[in-house]
Enquirer: 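Once you've had a glance at the structure underneath, I'll fire off some questions.
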Amino acid sequence: MSHGQVFMFFMRFVPKAIQQTYRWDARAAWLAGLYSGMTLPFFGVIARRDLHASPFAISLLISAPFLGHLLSMFVAWHMQNRPKQPYMYWLSLISRLPILFMAFAMTTPVFIGLVIASQILSCFTSPAYASVMKDAYPDNYRGRLMGMVRIGMTMMAMVSGLYVGRLMESGLPRSWVLAVALAAALVIAHEIQRNVPRVLVAALVVLLGYLGAPWLAHALPYRLVFPVAGALGLLAAWMFNHIREAPLEAAGETRFKMQEGLMTLFKDRRFGLYSLGFFICGFGNLLPGPLMPLFQVDELHISNEWVGILAMVGAGTSAVFYGIWGRLMDRYSPLLTVILSFAMCGIAPLIYAHAHSVPTLMFAAIAMGIGNPGIDLTWLNGVMYFTGREGIPRYAAMHTFLVGVRGLLAPFIGTWLLRSLTLRQCFLVAAVILGVGTLFMMVIVRYYLLPVQETGPSLRKKRTEVDLS
């Protein structure tokens, strides 16, 4: 079966009216997956092992994205009554630019500074992304289509994480390079315009892989690998910019003031309770963030290759569960998904607390690979559960604001606990917080958030089906 046949097989599940949108979304996700797989799993380990960063510096690195979340309320306020796609496009481009300058990151402050800048800017896109996705897919298809897109993204992250880990550790065998060149040739030949000789282009890509194989047979430093990842991230932003959002209504959306955004939690008490439960669970999930690379490097002496293997295991698991969570979310309430997802994430710190070898961490990677896709899909669909189109920027900004608050607090509290506790005891504290938060979320969902018709045995949501054929 050719690449085109495989692609068309999956397109059978996409309504015709939104197939073009899905194509651009999927293409952008593939490149974003390569970008994230080549960078995110390695930032903390490289900072600690190669640049000897302190625990405080690791905490800064982990908490950087959440400063962006904290400031996203301003972005949501500023983009009111304006098209959201330009915000998404330019902020995505600017956030990937610092990674290009990793070629000059030879000291800890420069490395940490570039990562922080990239991570902060990338989180500014959250309110715009929520609005674009609301327009891109109808309610009764959004969960599964976003899940399908994330499957492709995590598959790319899985492969790129494995390859880059091996490349930075000892270099790549010629067979690995040729396999990637062949796969890239098939994809590029399928995606290029029809008036270009596809066979010639495919042959050229394979030839480049053959010529580059000897150069990749030796270990390459992150200062060469990360800029390539940054270029792929820029291309992903360009691809995503082809998604068209719905035109603004003549009257425009009702503008909200900054203080009104902050008052959303109190005016909508159901959303406030949901946000409180999400905050507790998320705090426990983020607390061990800086502790994991410290544990991997200081106690288990992990290699780059094993970092890539763990990233591959986690991404491969996520690829499967993006599809599962997406369909579960469409069929039932997203509130059910968030409970199950945080419960799975609570297993990971328990495994770290009792791990004595690197391979044991694969079970933690699997647990996070199951839970994190559900959280990723739920945050946006959960916001949409409480509001209509006009309120999405405000609700999404409020949600990401709280993500920023806990993201700025949890990593530093995690390293602060090291003054009186061991790493393993800190992991147990995180597991307890996650357990308490999950139980709290179960109670408020069951008794306060679900409408009467959703509290039966099936929890099935009554959705309005849209004919998109």
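Keep in mind the model is a prediction, meaning the values are calculated, not measured.
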Enquirer: If you round to the nearest 0.5 Å, how far is CG of Leu361 from CD1 of Ile309?
Expert: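 Rounded to the nearest 0.5 Å, the CD1-CG separation comes out at 11.5 Å.
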Enquirer: How close do Pro411 and Pro290 get, heavy atom to heavy atom, and via which atoms?
Expert: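 Minimum heavy-atom contact is O-CG, 3.4 Å.
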Enquirer: Going through the checks in order, is the ring-ring contact (aromatic ring centres under 6.0 Å, His included) test met by Phe226 and Phe43?
Expert: CA-CA 10 Å; Phe226 286 175; Phe43 284 153; 5.4 Å; yes
Enquirer: Look up atom CG in Asp50 and atom CE in Met168, then write down how far apart they are to the nearest 0.5 Å.
Expert: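 Here the rounded value is 8.5 Å.
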Enquirer: With heavy-atom distances below 4.5 Å as the criterion, would you say the side chains of Tyr352 and Phe363 are in contact?
Expert: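 Not touching, per the 4.5 Å side-chain cut-off.
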Enquirer: Taking all non-hydrogen atoms of both residues, which atom of Leu335 and which atom of Val338 are closest, and how far apart?
Expert: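 Result for this residue pair: O-CG1, 3.1 Å.
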Enquirer: Just jot down the salt bridge (charged side-chain N to carboxylate O under 4.0 Å, His left out) partners of Arg406, sequence neighbours excluded, or say none.
Expert: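 Partners of Arg406 by the salt bridge (charged side-chain N to carboxylate O under 4.0 Å, His left out) criterion come out as none, since no residue qualifies.
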Enquirer: How long is the gap from CD on Glu305 to CG on Leu167, to the nearest 0.5 Å?
Expert: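 Answer rounded to 0.5 Å: 11.0 Å.
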Enquirer: Return the set of residues passing side chain to side chain contact (heavy atoms under 4.5 Å, CB included) with Pro349 (not counting sequence neighbours), or none when no residue passes.
Expert: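 By the side chain to side chain contact (heavy atoms under 4.5 Å, CB included) rule, Pro349 matches Phe427, Ala430, Ala431, Leu434.
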Enquirer: Apply ring pair (Phe, Tyr, Trp, His ring centres under 6.0 Å) to Phe56 and list each qualifying residue two or more places apart in sequence or on a separate chain.
Expert: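 By the ring pair (Phe, Tyr, Trp, His ring centres under 6.0 Å) rule, Phe56 matches Phe412.
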Enquirer: Mind checking side-chain hydrogen bond (donor to acceptor under 3.5 Å, both in side chains) for Tyr222 and listing every partner two or more places apart, or none if nothing turns up?
Expert: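 Tyr222: no side-chain hydrogen bond (donor to acceptor under 3.5 Å, both in side chains) contacts found.
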Enquirer: I'd like to check Gln296 versus Leu310 (side-chain heavy atoms, cut-off strictly below 4.5 Å). Are they in contact?
Expert: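 The answer is yes; the side chains approach within 4.5 Å.
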Enquirer: Would you check if the side chain of Ser160 reaches a backbone N or O of Met156 as a donor-acceptor pair within less than 3.5 Å?
Expert: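 Present.
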Enquirer: Tell me, please, which residues at least two apart from Tyr89 pass side-chain hydrogen bond (donor to acceptor under 3.5 Å, both in side chains).
Expert: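 Tyr89 satisfies side-chain hydrogen bond (donor to acceptor under 3.5 Å, both in side chains) with no residue once adjacent residues are dropped.
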Enquirer: Do the side chains of Phe295 and Leu300 get nearer than 4.5 Å, heavy atoms only?
Expert: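 Yes, at least one pair of side-chain atoms sits under 4.5 Å.
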Enquirer: Using the side-chain contact (heavy atoms from CB on, under 4.5 Å) rule, take Met292 and Met368 through it: C-alpha gap first, then chi angles, then the decisive distance, then the call.
Expert: CA-CA 13 Å; Met292 288 180 176; Met368 291 186 288; 4.2 Å; yes
Enquirer: May I ask you to test the Arg166-Glu169 pair for a side-chain heavy-atom distance under 4.5 Å?
Expert: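 Side chain of Arg166 against side chain of Glu169, heavy atoms only: no contact under 4.5 Å found.
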Enquirer: How many angstroms lie between NE2 in His242 and CZ in Arg23, if you round to the nearest 0.5 Å?
Expert: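 One gets 13.5 Å once the value is rounded to the nearest 0.5 Å.
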Enquirer: State, with a plain yes or no, whether a side-chain heavy atom of Met344 is found less than 4.5 Å away from one of Phe321.
Expert: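 Contact flag for Met344/Phe321 side chains = no.
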Enquirer: Do the side chains of Leu220 and Trp215 get nearer than 4.5 Å, heavy atoms only?
Expert: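 SC-SC contact between Trp215 and Leu220 confirmed.
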Enquirer: Return the set of residues passing side chain to side chain contact (heavy atoms under 4.5 Å, CB included) with Thr337 (not counting sequence neighbours), or none when no residue passes.
Expert: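 Thr337: side chain to side chain contact (heavy atoms under 4.5 Å, CB included) contacts with Trp325, Leu328, Met329, Ser341, Thr378.
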Enquirer: With a 4.5 Å heavy-atom cut-off, do Tyr322 and Asp376 have their side chains touching?
Expert: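 Yes; the side chains approach each other to less than 4.5 Å.
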Enquirer: After noting the C-alpha distance and the side-chain angles of Ile243 and Phe240, does the key distance pass the side-chain contact (heavy atoms from CB on, under 4.5 Å) rule?
Expert: CA-CA 6 Å; Ile243 296 177; Phe240 193 85; 3.5 Å; yes
Enquirer: How far apart are the C-alpha atoms of Tyr137 and Asp25, what are their side-chain angles, what is the distance that settles it, and do they pass the side-chain contact (heavy atoms from CB on, under 4.5 Å) test?
Expert: CA-CA 11 Å; Tyr137 303 124; Asp25 195 12; 2.8 Å; yes
Enquirer: Please lay out, stage by stage, how His399 and Phe278 fare under the test ring-ring contact (aromatic ring centres under 6.0 Å, His included).
Expert: CA-CA 9 Å; His399 178 86; Phe278 208 105; 4.8 Å; yes
Enquirer: Nearest heavy-atom pair of Pro288 and Gly284: which atoms, and what distance?
Expert: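 Closest approach of Pro288 to Gly284, heavy atoms only: CD-O, 3.2 Å.
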Enquirer: Which atoms form the tightest heavy-atom contact between Leu31 and Ala236, and what is the distance?
Expert: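 It is CB-CB, 3.6 Å.
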Enquirer: Does Trp24, at its CH2 atom, have more than 12 non-hydrogen atoms belonging to other residues, nucleotides or ligands within less than 6.0 Å?
Expert: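 Yes, the 6.0 Å shell around CH2 holds more than 12 heavy atoms from other groups.
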Enquirer: Whether the side chain of Ser303 engages the backbone of Trp306 through a donor-acceptor N/O pair (distance < 3.5 Å, no angle test) should be reported.
Expert: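 Yes, because the side chain of Ser303 sits within donor-acceptor range (under 3.5 Å) of the backbone of Trp306.
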Enquirer: Can you tell me how far CG of Leu232 sits from CG of Leu34, rounded to the nearest 0.5 angstrom?
Expert: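 Interatomic distance, Leu34 CG to Leu232 CG, rounded to 0.5 Å: 5.5 Å.
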Enquirer: With sequence neighbours excluded, tell me which residues meet side-chain hydrogen bond (donor to acceptor under 3.5 Å, both in side chains) with Asp298.
Expert: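 Partners of Asp298 by the side-chain hydrogen bond (donor to acceptor under 3.5 Å, both in side chains) criterion, ordered by chain and then number, come out as Arg48.
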Enquirer: Specify the closest pair of heavy atoms between Val149 and Ala29, including all atoms of both residues, with the distance to one decimal.
Expert: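 It is CG1-CB, 3.3 Å.
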Enquirer: Show me the donor-acceptor pairs within less than 3.5 Å that the side chains of residues 91-106 make with the rest of the protein, sequence neighbours left out.
Expert:
residue, atom, partner, partner atom, Å
Ser92, OG, Met88, O, 2.6
Ser95, OG, Leu91, O, 3.3
Ser95, OG, Ser92, O, 2.8
Arg96, NH1, Gly233, O, 2.7

Enquirer: Say whether, by atom type as modelled, one donor and one acceptor occur between the side chain of Asn285 and the main chain of Cys281 under 3.5 angstrom.
Expert: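 No: the side chain of Asn285 does not pair with the backbone of Cys281.
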Enquirer: So does Met239 have more than 12 non-hydrogen atoms from other groups sitting under 6.0 Å from CE?
Expert: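 Counting other residues, nucleotides and ligands, CE of Met239 exceeds 12 neighbours.
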Enquirer: Holding to side-chain hydrogen bond (donor to acceptor under 3.5 Å, both in side chains), I want the full list of residues that pass it with Tyr163, two or more places apart in sequence or in another chain.
Expert: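 None.
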Enquirer: What distance do Leu286 atom CG and Cys345 atom SG have between them, rounded to the nearest 0.5 Å?
Expert: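 The distance works out to 10.0 Å.
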Enquirer: Applying side chain to side chain contact (heavy atoms under 4.5 Å, CB included), name anything that partners Thr108, two or more places apart in sequence or on another chain.
Expert: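 By the side chain to side chain contact (heavy atoms under 4.5 Å, CB included) rule, Thr108 matches Leu51, Ala53, Ile112.
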Enquirer: Using the test side chain to side chain contact (heavy atoms under 4.5 Å, CB included), find all partners of Ile366 that sit at least two apart in sequence or belong to another chain.
Expert: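 With sequence neighbours excluded, Ile366 shows a side chain to side chain contact (heavy atoms under 4.5 Å, CB included) to Val313, Thr317, Ile370, given in chain and number order.
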Enquirer: Looking only at heavy atoms, what is the nearest atom pair of Ile351 and Thr360, with distance?
Expert: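 Reported closest heavy-atom pair: CG2-O, 3.7 Å.
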Enquirer: Just by distance, do the side chain of Ser118 and the backbone of Val115 share a donor-acceptor pair under 3.5 Å?
Expert: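 Here the side-chain-to-backbone pair does not exist.
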Enquirer: Without placing hydrogens or testing angles, list every side-chain donor-acceptor pair under 3.5 Å for residues 57-65, not counting sequence neighbours.
Expert:
residue, atom, partner, partner atom, Å
Ser59, OG, Pro55, O, 3.0
Ser59, OG, Thr415, OG1, 3.2
Ser63, OG, Ser59, O, 2.9
Ser63, OG, Leu60, O, 3.3

Enquirer: Any side-chain heavy atom of Trp176 within less than 4.5 Å of one from Val180?
Expert: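 Side chain of Trp176 against side chain of Val180, heavy atoms only: no contact under 4.5 Å found.
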